[in-house]
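Everything on this sheet refers to the single structure shown next.
Predicted model only: the values in this text are computed from it and were never measured.
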Amino acid sequence: MLESEFHYSFVDKCRLNKGDLIYLSADVIRLALLAKKQHLRFDPTVFIRSVTQIIGTEGTLLIPAFNFDLKNEATFDIKKTIPATGILARSALNLPEFRRSYNALHSFLVCGKHQNEICNLKNKSSFADDSPFNFLFRNEGKMLIIDLDLQSSLTFAHYTEEKLKVQYRKWKQIPINYINEIGEKQRINFELYSKKSGYINNVNPMLEILLQNDAAFPFKIEDIPCLLLDLPKTHELFADDLRNNNGRKIVYFSRKLKLKNFIKQFLGKA
């Protein structure tokens, strides 16, 4: 088997269709080990292009290229800043067919039919109505998760939290020294609907609800767990838990963590 055949064979089993709008989140370590067992090399570029080949020219692929850890006055270069979200994002950053979306904290590398629509959005807030997350919701987006649990992958949940203006989050401004696609520099205040001290997200308990309501479709490829999510349904089910169950399957409060954060802030000021 050729390396290209190995990558395509795996992606071909991921239940994707021509014309799909796909948000891809993956840990490819076990996939790389699987390739090695077959005396092949895992190539993230070939893997990515296998996905785009399957969804076709009418499809759109979004790979998270987040830099959520940027601090006040940090510099973000839309073409050069290395994403904190793994090897697929780092590889896509260098592929000519991909463009990066606007937001410095939660950008996507985008390829396909809706690339320009998504990359021309100017969302100051990561999860606002003018964000790629809302585009995914409004356009029947799907999320393909490979070898990750919900807690490690479902940043989309924060879109629902911001949409509902949950009480355990508050607005935070993060000024960034921003360099755009043509090298222009400017200072932009991005906004993040940030958790208040002591609150912790854990969305893994929502998986059972998603499965019961045909919003999540689990499968395995060579013992590697995968999950395909219907994002509009996922949003509605998360919203239902936040409205009618106080978000018990999404977030909890820890006095210990709040005390720890208070001590850390106090020592930082000292």
Side-chain angles (χ1 to χ4, degrees), residues 20-26 60-70 83-85 89 100-110 114-115 117-145 148-174 189-196 199-207 209-210 213-216 227-252:
D20 275 347
L21 171 62
I22 295 293
Y23 172 174
L24 172 64
S25 186
T60 306
L61 174 63
L62 293 84
I63 298 175
F66 304 158
N67 292 97
F68 43 75
D69 55 350
L70 290 177
T85 41
R100 197 172 192 173
S101 65
Y102 175 77
N103 189 276
L105 303 174
H106 290 91
S107 66
F108 287 89
L109 285 153
V110 187
H114 297 295
Q115 180 188 74
E117 291 174 76
I118 294 169
C119 292
N120 290 339
L121 296 169
K122 303 298 182 186
N123 56 308
K124 297 288 182 64
S125 174
S126 293
F127 309 104
D129 285 346
D130 58 351
S131 72
F133 292 95
N134 189 58
F135 189 92
L136 285 159
F137 169 67
R138 295 295 181 192
N139 292 277
E140 300 182 351
K142 301 175 184 178
M143 184 174 183
L144 174 60
I145 303 172
L148 291 167
D149 64 2
L150 286 185
Q151 181 59 24
S152 303
S153 58
L154 197 59
T155 306
F156 183 83
H158 303 323
Y159 164 74
T160 306
E161 292 175 321
E162 183 169 323
K163 191 77 171 173
L164 271 62
K165 299 297 184 285
V166 294
Q167 295 301 305
Y168 56 85
R169 288 181 175 268
K170 61 182 179 181
W171 288 109
K172 177 182 179 182
Q173 284 205 342
I174 304 175
N189 285 327
F190 288 96
E191 297 179 335
L192 187 64
Y193 202 41
S194 179
K195 286 195 300 292
K196 295 178 181 178
Y199 286 93
I200 304 171
N201 278 112
N202 179 20
V203 302
N204 283 331
M206 280 296 297
L207 180 58
I209 303 297
L210 297 177
N213 289 274
D214 295 326
L227 191 68
L228 193 63
L229 295 181
D230 178 320
L231 289 177
K233 282 187 179 181
T234 297
H235 166 73
E236 296 300 342
L237 292 167
F238 271 69
D240 181 70
D241 189 75
L242 288 165
R243 291 190 184 109
N244 302 313
N245 191 37
N246 292 319
R248 291 187 179 93
K249 294 185 181 295
I250 295 170
V251 67
Y252 65 96

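- For Gln167, the CD atom is loosely surrounded, since the number of other residues' heavy atoms within 6.0 Å does not exceed 12.
- Counting only distance, with no hydrogens or angles, the side chain of Asn123 and the backbone of Asp129 share no donor-acceptor pair below 3.5 Å.
- Atoms CG and CD, on Asn201 and Glu161 in that order, are 4.5 Å from each other to the nearest 0.5 Å.
- Closest approach of Arg100 to Ala65, counting heavy atoms only: NH2-O, 3.0 Å.
- Nearest approach of Leu229 to Ala216, heavy atoms of both residues: CD2-CB, 3.5 Å.
- A donor-acceptor pair is defined here as one N or O able to donate and one able to accept, closer than 3.5 Å; no such pair exists between the side chain of Ser194 and the backbone of Lys172.
- A distance of 6.0 Å or more separates the ring centres of Tyr168 and Tyr252.
- A side-chain donor-acceptor contact under 3.5 Å links Tyr193 to the backbone of Val166.
- Side-chain atoms of Gln151 come within 3.5 Å of backbone atoms of Val203 as a donor-acceptor pair (strictly under, hydrogens ignored).
- The neighbour count for Lys170 NZ, taken as heavy atoms of other residues, nucleotides or ligands under 6.0 Å away, does not exceed 12.
- Side-chain atoms of Ser153 do not come within 3.5 Å of backbone N or O of Leu148 as any donor-acceptor pair.
- Here the two rings, on Phe135 and Tyr159, have centers that are 6.0 Å apart or farther.
- In terms of the side-chain contact (heavy atoms from CB on, under 4.5 Å) criterion, residue partners of Asp69 (sequence neighbours excluded) are, by chain and number, Asn67.
- Pairing each heavy atom of Leu192 with each of Leu105, the nearest pair is CB-CD1, 4.2 Å.
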Please lay out, stage by stage, how Asn213 and Glu236 fare under the test side chain to side chain donor-acceptor pair (under 3.5 Å). CA-CA 11 Å; Asn213 289 274; Glu236 296 300 342; over 6 Å; no
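- Nearest heavy atom pair, residue Ser107 against residue Phe66, reads O-CD2, 3.2 Å.
- Scanning all heavy atoms of the two residues, the minimum distance from Gln115 to Thr60 falls at N-CG2, 4.4 Å.
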